[in-house]
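Shown next, in structure tokens, is the structure this report addresses.
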Amino acid sequence: VMSDYGEPKFLVAQPENKVALPDADLVFSWDGIQNWGIRPAWLFFKGMRRSNVKFVLFCNNPGINNLKHRGQGLLNVRRPPFHFAEAVKVVGNISYTDKPKQLLFYDIDSIRPGII
């Protein structure tokens, strides 16, 4: 996490602990959310809303059924149980594997309340 003062701050915590994130304009995750699974990812997104994070940029696996692919390091926030709306920006085809991957950029306020 980069602070207003330009000094990097690192937060090491498990999402199960419902930790509040430090004030930040942007939270970035590369494959972190996928490796946590559904419940910890859900808590992480809720923590961003509680912490007044403005934007989030993270990996997504389009076309993946979250319930069918549990525990495989894959997550699709456009499918149940997340049902996220369309992202503000999408960068596709960023994977070198047979599993599709994209970067999604969201304004936290564009993710409807109640979802996170």
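As a basis for the values below, the full set of heavy atoms in this structure was taken, side chains included, without hydrogen atoms, waters or symmetry mates. Since the model is a prediction, treat every value here as computed from it, not as a measurement.
Leu104 and Ile64 end up in different hydrophobic clusters when Ile, Leu, Val, Met, Phe, Trp and Tyr side chains are linked at under 4.5 Å. By the rule that hydrophobic residues join a cluster once side-chain heavy atoms approach within less than 4.5 Å of another member, Phe58 and Leu74 end up as members of separate clusters. Under the 4.5 Å side-chain heavy-atom criterion for grouping Ile, Leu, Val, Met, Phe, Trp and Tyr, Tyr106 is connected to Ile38 within one hydrophobic cluster.
Remark: Asp107 engages no residue in a salt bridge (charged side-chain N to carboxylate O under 4.0 Å, His left out) (not counting sequence neighbours). Residues satisfying the ring pair (Phe, Tyr, Trp, His ring centres under 6.0 Å) test with Phe28, not counting sequence neighbours, are none. Partners of Asn52 according to the side chain to side chain contact (heavy atoms under 4.5 Å, CB included) rule, which considers only residues two or more places apart in sequence or in another chain, do not exist here. For Asn66, there are no side-chain hydrogen bond (donor to acceptor under 3.5 Å, both in side chains) partners two or more places apart in sequence or in a different chain. Residues satisfying the side chain to side chain contact (heavy atoms under 4.5 Å, CB included) criterion with Pro100, sequence neighbours excluded, are Pro62.
In this structure, Ser29 and Gly32 approach most closely via the heavy-atom pair OG-N, 3.3 Å. Of all heavy-atom pairs spanning Ser110 and Ala85, the tightest one is O-CB, 4.5 Å. Taking every heavy atom of both residues into account, Gly73 and Asn61 meet most closely at O-OD1, 4.2 Å.
Note that the NZ atom of Lys99 and the SG atom of Cys59 stand 15.5 Å from one another [nearest 0.5 Å].
Using a 4.5 Å heavy-atom cutoff, the side chains of Gln72 and Gln34 are not in contact. Side-chain contact between Leu57 and Lys89 is absent, with no heavy atoms from C-beta onward closer than 4.5 Å. Residues Asn76 and Asn60 meet the side-chain proximity criterion, which asks for heavy atoms closer than 4.5 Å. Between Leu75 and Phe82 the shortest side-chain heavy-atom distance falls below 4.5 Å.
Within the structure, the salt bridge (Lys or Arg N to Asp or Glu O under 4.0 Å) test picks out the following pairs touching residues 53-66 (sequence neighbours left out): Asp25-Lys54.
Ring geometry for Phe45 against Phe84 counts as perpendicular: the plane angle is over 60°, on a 0 to 90° scale with 30° as the lower cut.
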Test log, rule side chain to side chain contact (heavy atoms under 4.5 Å, CB included), inputs Leu103 and Trp30: CA-CA 9 Å; Leu103 273 175; Trp30 181 267; 4.0 Å; yes

